[in-house]
Amino acid sequence: MELAQLRYFVAVVEEGGFTRAGARLHVSQPGVSAQVAQLERELGQRLLDRSGRRVTPTEAGRAVLSYARAALAAVEGVRRTAEEFSGLLRGRVALGLIPGAASAAVDGFDVVEVLGAFHDEHPGVEIALSEDTSERMLAALLRGELDLAVVGLAGEPPPGVSCQVVLDEPLVAAVRADDPLVAAAVDGEIPLAALRGRALISLPRGTGLRGVLERACAQAGFAPRVDFEAAAPAVLVRLAARGLGVAVVPSGAESGAGPRADVGAGPTSGTATGAGAGTATGLGTGTGTGLCALRITEPRLTGRVALAWRTDGPPGPAAHTLLGRLRAQAPGRPAP
């Protein structure tokens with residue numbers, strides 16, 4: 001029995017197929033299939049059910065899986081221990097980011113600056129960056145495919161994941177100044193129920209902001225009508241400025257990208273007054289058409305960005321050291 005066989009077996013189970021496992025391991029599909037078949041012959045047991053569209057473990061496979069993972073973790077532990085005694089950090093750190101999180105510093109949290117300083121001190125560490133939705137990145141953390149992630153939170157983090165909140169912003173409804181919502185607003189605020197039946201513009205499903213919106217609407221007894229989706233709040237704002245709907249974005253989302261790509265960017269000043277409505281914060285779009293940001297209340301909605309990692313800790317000393325650097329710069333607090 002070889003470690004490679006165990007590694008391939010675990011990858012096939014986690015990916016649900018030989019082709020995806022091969023892509024993850026950078027090995028051809030026939031190579032993965034042959035190694036797993038050899039493992040089954042050596043053990044005298046069929047470990048995988050190949051009859052369906054998705055490959056799943058048999059009863060014997062499920063029993064073997066935990067031991068295979070433990071064996072691989074033990075080998076990695078031996079490697080990490082040896083690296084720590086060498087005094088040099090090496091290896092690879094997989095860091096997931098919500099779209100735009102690396103493009104700007106927010107409230108002193110600058111991912112690029114931390115990564116640059118870390119690389120200067122530890123040039124032997126490979127850092128792999130990827131962008132995805134928060135939902136998929138949290139799942140990837142639990143599967144061990146990511147070491148760390150900057151995610152948007154729709155609620156509490158899933159079991160097995162620890163978080164430190166780095167940004168907490170109120171959500172607003174960005175609309176054109178001539179929208180009826182502006183006239184109906186009181187002191188620049190509208191209840192969530194006012195969005196019932198309105199054409200909404202939102203981040204895609206799987207993002208923290210979208211999760212907050214859908215959960216709040218469900219609790220209020222209606223499903224949000226989302227007509228347009230985009231991965232960046234700046235695009236949502238432009239669509240709203242075109243009169244295509246109500247953009248649900250973090251306060252100040254028009255100021256650009258950054259960690260607030262999943263929950264917004266810094267606030268700006270300016271006012272637009274609705275008839276008998278008090279004032280609403282203006283959002284500059286650069287198009288000549290003013291937008292108003294109406295705070296959403298009853299309930300008040302907020303979007304949070306957090307640094308996330310597995311509760312049992314990153315798997316290697318390099319990821320552990322980078323986590324410490326990111327947490328030291330992060331201005332927030334642990335998530336509940």
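Residues take their numbers from the sequence shown, with the count starting at 1.
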Would you check, one step at a time, whether the test side chain to side chain contact (heavy atoms under 4.5 Å, CB included) holds for R176 with L291?
CA-CA 4 Å; R176 285 167 51 136; L291 282 178; 3.9 Å; yes
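- Shown here for V175 and L294, the closest heavy-atom pair between the two residues is CG2-CD1, 4.0 Å.
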L95 and L115: side chain to side chain contact (heavy atoms under 4.5 Å, CB included), yes or no, with the steps?
CA-CA 10 Å; L95 173 62; L115 294 180; 4.0 Å; yes
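- Between L141 and W309, the closest heavy-atom pair is CD1-N, 4.0 Å.
- The closest side-chain heavy-atom distance from P299 to L192 is below 4.5 Å.
- Considering only heavy atoms from C-beta on, Y8 stays 4.5 Å or farther from L39 through its side chain.
- Atom CG of L43 and atom CD of Q38 lie 10.0 Å apart (nearest 0.5 Å).
- Residue A319 comes nearest to L148 through the heavy atom pair O-CD1, 4.0 Å, listed as atom of the first residue, atom of the second, then distance.
- Checking side-chain atoms of R295 against main-chain N and O of E189 turns up no donor-acceptor pair under 3.5 Å.
- Side-chain contact between L72 and V10 is present, with at least one heavy-atom pair separated by less than 4.5 Å.
- Residues L146 and S130 have side chains in contact (heavy-atom distance under 4.5 Å, counting atoms from C-beta outward).
- We find the CD-CG distance between Q164 and L307 to be 6.5 Å, quoted to the nearest 0.5 Å.
- Taking every heavy atom of both residues into account, P157 and C163 meet most closely at CB-SG, 3.7 Å.
- The environment of CD in E42 is crowded: more than 12 heavy-atom neighbours from other residues, nucleotides or ligands sit within 6.0 Å.
- The closest side-chain heavy-atom distance from H119 to V125 is not below 4.5 Å.
- With hydrogens and angles disregarded, no donor-acceptor distance shorter than 3.5 Å links the side chain of R24 to the backbone of V12.
- Between the CG atom in D168 and the OG1 atom in T302 there is a gap of 4.5 Å [rounded to 0.5 Å].
- Residue Q29 qualifies as enclosed at atom CD: its count of foreign heavy atoms under 6.0 Å is above 12.
- One finds the CZ atom of R327 at 12.5 Å from the CG atom of L322 (value rounded to the nearest 0.5 Å).
- Between the CZ atom of R238 and the CD1 atom of I201 there is a distance of 12.0 Å, given to the nearest 0.5 Å.
- The side-chain heavy atoms of P250 and L209, taken from C-beta on, include a pair separated by under 4.5 Å.
- Under the side chain to side chain contact (heavy atoms under 4.5 Å, CB included) test applied with V151, the options R136, E135, M137 reduce to a single match, M137.
- A salt bridge does not link E145 to R20: none of the charged side-chain nitrogens sits closer than 4.0 Å to a carboxylate oxygen.
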Audit row: E14, R143, salt bridge (charged side-chain N to carboxylate O under 4.0 Å, His left out) steps and yes/no
CA-CA 8 Å; E14 292 179 347; R143 291 195 302 266; 5.9 Å; no
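- Between R210 and T133 there is no side-chain heavy-atom pair separated by less than 4.5 Å.
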Step by step, work out the side chain to side chain contact (heavy atoms under 4.5 Å, CB included) result for L181 and L195.
CA-CA 9 Å; L181 286 176; L195 302 182; 4.1 Å; yes
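- Inter-residue side-chain proximity for V36 and R50 is flagged as met; some heavy-atom pair is nearer than 4.5 Å.
- To the nearest 0.5 Å, atoms CZ (R69) and CZ (F9) are separated by 8.5 Å.
- A donor-acceptor pair under 3.5 Å is absent between the side-chain atoms of S251 and the main chain of L171, judged by distance alone.
- The minimum heavy-atom distance between E156 and R304, with the atom names listed, is N-NH2, 4.4 Å.
- By the side-chain hydrogen bond (donor to acceptor under 3.5 Å, both in side chains) test, S162 is found to be paired with T311, residues two or more places apart in sequence or in another chain being considered.
- Closest heavy-atom contact between L48 and F18: CD1-CZ, 3.8 Å.
- A salt bridge is absent between R205 and E229; no separation between the charged side-chain nitrogens and carboxylate oxygens falls under 4.0 Å.
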